[in-house]
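What you see is a predicted model, and the numbers here were worked out from it, not measured in a lab.
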Protein chains: 2
Amino acid sequence: MSRETPARGRRPKRGRTRQALMDAALDLVARKAPFSSLSLREVTKRAGVVPTAFYRHFPDMSALGLTLLDESFRTLRQMMREVRQQELPNERMIRGSMETFFTYVRNNRTHFLFVSKELYGGSATMRQAIRREIRLFVSELAMDMARFPFLVQVSAEDLQMMASLVVNSVVALTQEMLELDEDDEAGQREMLILAEKQVRLIYFGVAQWRSETGAPA
Amino acid sequence: MSRETPARGRRPKRGRTRQALMDAALDLVARKAPFSSLSLREVTKRAGVVPTAFYRHFPDMSALGLTLLDESFRTLRQMMREVRQQELPNERMIRGSMETFFTYVRNNRTHFLFVSKELYGGSATMRQAIRREIRLFVSELAMDMARFPFLVQVSAEDLQMMASLVVNSVVALTQEMLELDEDDEAGQREMLILAEKQVRLIYFGVAQWRSETGAPA
DNA sequence: AATATTTGTGAACACGTGTTGACTGAAAAT
DNA sequence: ATTTTCAGTCAACACGTGTTCACAAATATT
């Protein structure tokens, strides 16, 4: 072809390197160790690139990590927002949100393996960034719940508490699901059923919630 | 023979190195990085000991890790069992279990910082070991709940599901609590109140639970 | 067509890593 | 009192690490 200078085979990398580095990192995370204990050289080697090429795209490893984190949540946020804007009433929206969330996680398995391992094992700034994303989901869910007719006079604080209970549970089950083999279809389905049951259970409790005294109806 | 040899009892009078290694590891975890990304030399340096001394006590780092893990849960299991054996009825036992758990975590902060970071970021065997401990709590809680009068005819599967919801929530809040500063008394109290509220909320839901169809009363 | 700017290469550095082996003093066992 | 076992040190190794610098090829700009 037109573009082949022999010498020592070193051509087809042009431009693709940045993405190759990100892919390599996720690949290593999925099969080896958490991102925070990956080495720069390890990543470049998997990407088929010389170590120094890394610096052309990221100042250091933690910058790569934050980019990966952003990539993990950017389109998820958008999808969840679309679900919310359908203005489905009450529990239907919850159900819809959960389904889109789980299928998204499933289609981006390596990304969330990365996130799961960094949530508590990563650097301070990484942990903070992830928890900020999670808190965002909690707040949005709380806003949705505020429109539930039977929750209309529950304090904002209690709404936040309920929403965080739901989100924490979903996160925990997501992490458990990620521990399963990728092709364990049965296990994954089981996990999703479990998640739905748990959220339903929580909503039974929510429906019974009255005042801040915590006394049931 | 011997004037003071108590059968096969205590040997290490001067050998305090083993404990020093464990303390050093926990210290580093609390202030730096997850255990899984600590180096052997780092630990021995902090312990004030030469690197090769490590091998007199542990074959490798992962052995140290498993020892630390056992130390974290051994006495906790015992305490929780004692609470259970008081045979307190219904919700009182739950409340008691939660209180002893949280105060125990608080008194062993570094141990559970270690556990928290390894739960999803550690090696495969480490993760498995921790999740086994957690599942144990779930099973015991499910057994306790089975004796609740209003849950007497709930399927074992659903009991497991409810118990795992409670435990997962407590674990999540514990991890969040561990992210706070050690001397943030207010934050810690707040966290505990939040935890109690969430568990109470779940129990409202549990009380409403009927059949596997999931239809409320 | 000539020049400038990206983008990847290769060699080199100073250092931290796990693990080995031989050695030593102190305690335990005889 | 003598021997054996334990628990620590010290030196050395082969290797992986992050980062630097000068250089060359591919692309963009003129």
Side-chain donor or acceptor of A:Thr52 under 3.5 Å from a matching atom on the base of C:dG8? no
May I have the distance from A:Lys45 (atom NZ) to C:dG8 (atom C1'), rounded to whole angstrom? 18 Å
Heavy atoms of B:Leu119 and A:Glu179 approach each other most closely as O-OE2, 4.4 Å
Look at the side chain of A:Arg56 against the base of C:dG8 and say whether a donor-acceptor pair falls under 3.5 Å; ignore hydrogens and angles. yes
By a strict heavy-atom criterion of less than 4.0 Å, which residues belonging to residues 24-40 of chain B are in contact with DNA chain C? B:Ser39, B:Leu40
Length of the CE-C1' vector between A:Met61 and D:dT19, whole Å: 14 Å
Rounded to the Å, how far apart are B:Phe54 CZ and C:dT20 C1'? 16 Å
Taking salt bridge (Lys or Arg N to Asp or Glu O under 4.0 Å) as the test, write out the residues that go with B:Arg109, two or more places apart. none
Thinking salt bridges, do A:Arg127 and A:Glu118 make one under a 4.0 Å N-O criterion? no
To the nearest angstrom, how far is B:Arg41 atom CZ from D:dC13 atom C1'? 11 Å
Ignoring hydrogens and angles, tell me if any N or O in the side chain of A:Asp60 forms a donor-acceptor pair with the backbone of A:Ala63 under 3.5 Å. yes
Mind calculating the distance between OH (A:Tyr55) and C1' (D:dT20) to the nearest angstrom? 9 Å
Could you state the CD-P distance from B:Gln19 to D:dA7, rounded to the nearest angstrom? 15 Å
Grab the CG-P distance between A:Leu21 and D:dG18 for me, whole Å please. 13 Å
Side-chain (A:Asp184) to main-chain (A:Gly187) donor-acceptor, under 3.5 angstrom: yes
Calculate the interatomic distance between B:Phe58 atom CZ and D:dA7 atom P; express it in whole Å. 12 Å
N/O (side chain, B:His57) to phosphate O (OP1/OP2, D:dC6) under 4.0 Å: no
Considering heavy-atom distances to DNA chain D, does A:Glu42 or B:Val50 have its closest nucleotide positioned more toward the 5' end? B:Val50
I want to check something: taking the side chain as every heavy atom from C-beta on, are A:Leu201 and B:Ile202 in contact at a cut-off of under 4.5 Å? yes
Quick one: are B:Tyr120 and B:Ile130 in side-chain contact, heavy atoms under 4.5 Å? no
